[in-house]
Amino acid sequence: MVASILQEIDHHDIISFDIFDTLIVRPYVKPTDAFLYIERITGLKKFARKRKLAERKARLNMTEGEITYSDIYKNLSKKYQVAYDTEIELEKRISLRNEEIYQVYQYALEKKKRIIFISDMY
């Protein structure tokens, strides 16, 4: 797979990378599995379900742009606010560089391509 991507880079001036779940990966099957882990370590019953609903609500209320963690947590009751710092810290701790895609990124740098990073992550 990497070899075919490297060949493709040679044919383009601008290369874009999605950041989360492409350049940076997390050890969960689904990104929302992190909410179940937070629920378990904090003891906040129903946190995972409430957190998903809060994100959905934040997205519905957003008129343009991407939502933020603050936007999401505004839709959670005070009981769940303590999970805010836990979620941010967890994302920092569990996020890992995707080594295969990092090779692609390094190749694009070597070839002096213009590189753009994109994300749909809040």
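For the single chain, residues carry numbers from 1 onward in sequence order. Keep in mind it's a predicted model, so treat the numbers as computed, not measured.
- Atom OG in S4 sits 10.0 Å away from atom CD1 in I9 (nearest 0.5 Å).
- When all heavy atoms of A83 and L44 are compared, the pair lying nearest together is CB-CD1, 3.9 Å.
- In this structure, the side chains of K46 and R49 come closer than 4.5 Å at one or more pairs of heavy atoms.
- With salt bridges taken as basic N to acidic carboxylate O contacts below 4.0 Å, one links R26 and D21.
- With rounding to the nearest 0.5 Å, the separation of CZ in R40 from CD1 in I38 is 11.5 Å.
- Judged purely by atom type and a 3.5 angstrom limit, N98 uses its side chain to pair as donor or acceptor with the backbone of T22.
- Of all heavy-atom pairs between E8 and H12, the closest is OE2-NE2, 2.8 Å.
- Few gaps surround NZ on K113; more than 12 heavy atoms of other groups in view lie less than 6.0 Å from it.
- Although no hydrogens or angles enter the test, the distance criterion places a donor-acceptor pair under 3.5 Å between the side chain of N61 and the main chain of K57.
- Side-chain atoms of F20 and V25, non-hydrogen and from C-beta on, never get closer than 4.5 Å to each other.
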Run R97 and L23 through side chain to side chain contact (heavy atoms under 4.5 Å, CB included) and show every step you take.
CA-CA 6 Å; R97 179 171 72 192; L23 276 173; over 6 Å; no
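- When the shell of 6.0 Å around CD of Q81 is examined, it contains more than 12 heavy atoms from other residues, nucleotides or ligands.
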Checking side chain to side chain contact (heavy atoms under 4.5 Å, CB included) for the pair R114/I15: CA distance, chi angles, key distance, verdict?
CA-CA 6 Å; R114 182 171 180 208; I15 310 300; over 6 Å; no
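- A heavy-atom distance below 4.5 Å is found between the side chains of Y69 and E87.
- D33 places a side-chain N or O within donor-acceptor distance of the main-chain N or O of K30, the cut-off being under 3.5 Å.
- For NZ of K111, the number of neighbouring non-hydrogen atoms (other residues, nucleotides, ligands) closer than 6.0 Å is 12 at most.
- Residues S16 and I115 form no side-chain contact, since every pair of their non-hydrogen atoms from C-beta on lies 4.5 Å or further apart.
- Looking only at side-chain heavy atoms (C-beta outward), V82 and T42 stay at 4.5 Å or farther from each other.
- Within the model, atoms CG of D71 and OG1 of T68 stand 3.0 Å from one another, a figure rounded to the nearest 0.5 Å.
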Between L96 and I24, does a side chain to side chain contact (heavy atoms under 4.5 Å, CB included) hold up when you go through it step by step?
CA-CA 5 Å; L96 303 168; I24 297 173; over 6 Å; no
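- Considering all non-hydrogen atoms of both residues, I67 and E55 come closest at CD1-CG, 3.8 Å.
- In this structure, I41 and T86 have side chains that are in contact, with non-hydrogen atoms separated by less than 4.5 Å.
- In terms of the ring-ring contact (aromatic ring centres under 6.0 Å, His included) criterion, residue partners of Y84 (sequence neighbours excluded) are, by chain and number, Y73.
- Neither L36 nor L76 shares a network with the other; the hydrophobic side chains, linked directly or stepwise wherever heavy atoms of I, L, V, M, F, W or Y lie under 4.5 Å apart, form separate groups for each.
- Connection of I118 to I14 is established within a shared hydrophobic cluster, with ILVMFWY side chains joined at heavy-atom distances below 4.5 Å, either directly or through further cluster members.
- With E39 contributing its side chain and K45 its backbone, the two residues share no donor-acceptor pair below 3.5 Å.
- With hydrogens and angles left out, the side-chain atoms of Q106 and Y102 include a donor and acceptor closer than 3.5 Å.
- The hydrophobic clustering, which links ILVMFWY residues whose side-chain heavy atoms are closer than 4.5 Å, places I101 and L109 together.
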Worked check of side chain to side chain contact (heavy atoms under 4.5 Å, CB included) between Y105 and F117
CA-CA 10 Å; Y105 165 70; F117 298 100; 3.5 Å; yes
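- The aromatic rings of F47 and F35 stand perpendicular to each other, their planes meeting at an angle above 60°, with 30° marking the opposite boundary.
- Pairing each heavy atom of Q103 with each of L6, the nearest pair is O-CD2, 4.4 Å.
- Closest approach of Y28 to L90, counting heavy atoms only: OH-CD2, 4.0 Å.
- Looking at heavy atoms from C-beta onward, E66 lies in side-chain contact with R59 at the 4.5 angstrom threshold.
- The structure places CD1 of I72 at 16.0 Å from NZ of K50, a figure rounded to the nearest 0.5 Å.
- At most 12 non-hydrogen atoms from other residues, nucleotides or ligands lie less than 6.0 angstrom from CG of D13.
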